[in-house]
Amino acid sequence: MRILLAADGSPFTRVAARHLASHLHWFAHEPEIHILHVHAPLPYPGAGAAIARDSVENFHREESEAALAVAEQVLLAAGVPHRSSWRVGDAPERIAAYVAEHSIDLVVMGTRGHGALAGLALGSVVTKCIAALAIPVMVVRAAPAARPATLREHEPDAAAR
């Protein structure tokens, strides 16, 4: 089995990586783990702008490596072998292409957990991947107490629920 962990470098990537690492016993055989980060393209001047193009490519690489490191650290600490890659483009499209190219069986993604209405309005990557992929997508949502403090501050308190 081949599993793709889609990583955006957020705390939710860390939650998904921890969930994956702690549930590998679910599988009869040790799965092959792939981590993928997709960086949105940055516009830069066209032909003849090699310096700008190199700068943008370096930026994409550095940002992608930082995003991948979030999941890599969790998997390394758990002793889980993996391979990491990054792409530039539309995240759902690049994830779908990677899934096809590497015969991925399951995609694991962390989510902020905005809810269905906010996800629909915001057009979340998770929602688009669920719609576009013909394989299972496991969406890992952090428990409210485990969410980063910056997000908990904006949630209604328990008395208001």
Side-chain angles (χ1 to χ4, degrees), residues 1-40 59-120 122-158 161:
M1 169 165 256
R2 292 185 181 109
I3 300 174
L4 173 63
L5 174 59
D8 65 2
S10 72
F12 306 102
T13 293
R14 183 173 288 109
V15 170
R18 285 181 183 149
H19 183 80
L20 178 59
S22 66
H23 291 88
L24 291 178
H25 64 278
W26 286 352
F27 304 98
H29 302 287
E30 184 176 328
E32 181 180 309
I33 307 296
H34 296 244
I35 308 171
L36 176 67
H37 172 71
V38 180
H39 199 289
F59 174 78
H60 283 143
R61 180 181 38 75
E62 291 169 6
E63 291 292 311
S64 294
E65 289 172 352
L68 289 166
V70 171
E72 291 170 337
Q73 291 168 356
V74 171
L75 295 180
L76 284 172
V80 177
H82 61 276
R83 60 196 252 190
S84 299
S85 301
W86 60 274
R87 305 286 190 270
V88 175
D90 177 68
E93 288 177 12
R94 296 294 183 202
I95 291 169
Y98 191 94
V99 163
E101 179 182 338
H102 295 279
S103 300
I104 299 295
D105 301 299
L106 171 68
V107 174
V108 177
M109 305 177 83
T111 183
R112 287 170 171 73
H114 287 302
L117 185 58
L120 181 63
L122 298 173
S124 78
V125 172
V126 172
T127 302
K128 290 178 182 176
C129 285
I130 290 170
L133 297 173
I135 62 168
V137 177
M138 178 186 292
V139 180
V140 180
R141 181 177 175 197
R147 290 190 192 144
T150 55
L151 291 177
R152 287 196 312 266
E153 293 168 5
H154 301 289
E155 294 180 350
D157 56 87
R161 290 184 198 168

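Just so it is clear, the values below take in all heavy atoms, side chains as well, and ignore hydrogens, waters and symmetry mates.
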Separation of R87 CZ from S64 OG (nearest 0.5 Å): 10.5 Å
Non-hydrogen atoms of A7 and A71 that approach each other most closely: CB-CB, 4.5 Å
Main-chain N/O of V80 paired to H82 side chain as donor or acceptor, under 3.5 Å: yes
Mutual orientation of the aromatic rings belonging to F59 and H39 [parallel < 30°, tilted 30-60°, perpendicular > 60°]: perpendicular
A16 to G110 - nearest heavy-atom pair and separation: CB-N, 3.6 Å
Atom pair CG (L133) and CD1 (I104), whose distance is rounded to the nearest 0.5 Å: 10.5 Å
Expected output: side-chain R94 to main-chain V88 donor-acceptor under 3.5 Å: yes
Shortest non-hydrogen contact from V70 toward G9: CG2-O, 3.4 Å
For I135, the option from D105, V99, L106 that meets side chain to side chain contact (heavy atoms under 4.5 Å, CB included): V99
Sidechain-backbone polar pair: S22 side chain, H19 backbone, donor-acceptor under 3.5 Å: yes
Any I95 side-chain heavy atom under 4.5 Å of L36 side chain: yes
Closest heavy-atom pair and its distance - A21, L75: CB-CD2, 4.0 Å
M109 and C129, any side-chain heavy atoms less than 4.5 Å apart: yes
Distance (rounded to the nearest 0.5 Å) between I33 CD1 and I3 CD1: 4.0 Å
Which atom of A91 lies closest to which atom of V38, heavy atoms considered: CA-CG1, 3.5 Å
Y98 vs L4 side-chain heavy atoms within contact, under 4.5 Å: yes
Pairs satisfying salt bridge (charged side-chain N to carboxylate O under 4.0 Å, His left out), at least one member in residues 15-34, at least two apart: R2-E32, E32-R83
Closest non-hydrogen atom pair, H23 against W26: CD2-CZ2, 2.9 Å
Residue of the set E72, E65, H37 for which side-chain hydrogen bond (donor to acceptor under 3.5 Å, both in side chains) holds with S84: E72
Validation row: P31, L24 side chains within 4.5 angstrom (heavy atoms): yes
Approximate separation, where rounding is to 0.5 Å, of W86 CH2 and E63 CD: 11.0 Å
Spacing of I35 atom CD1 and L68 atom CG [to the nearest 0.5 Å]: 6.5 Å
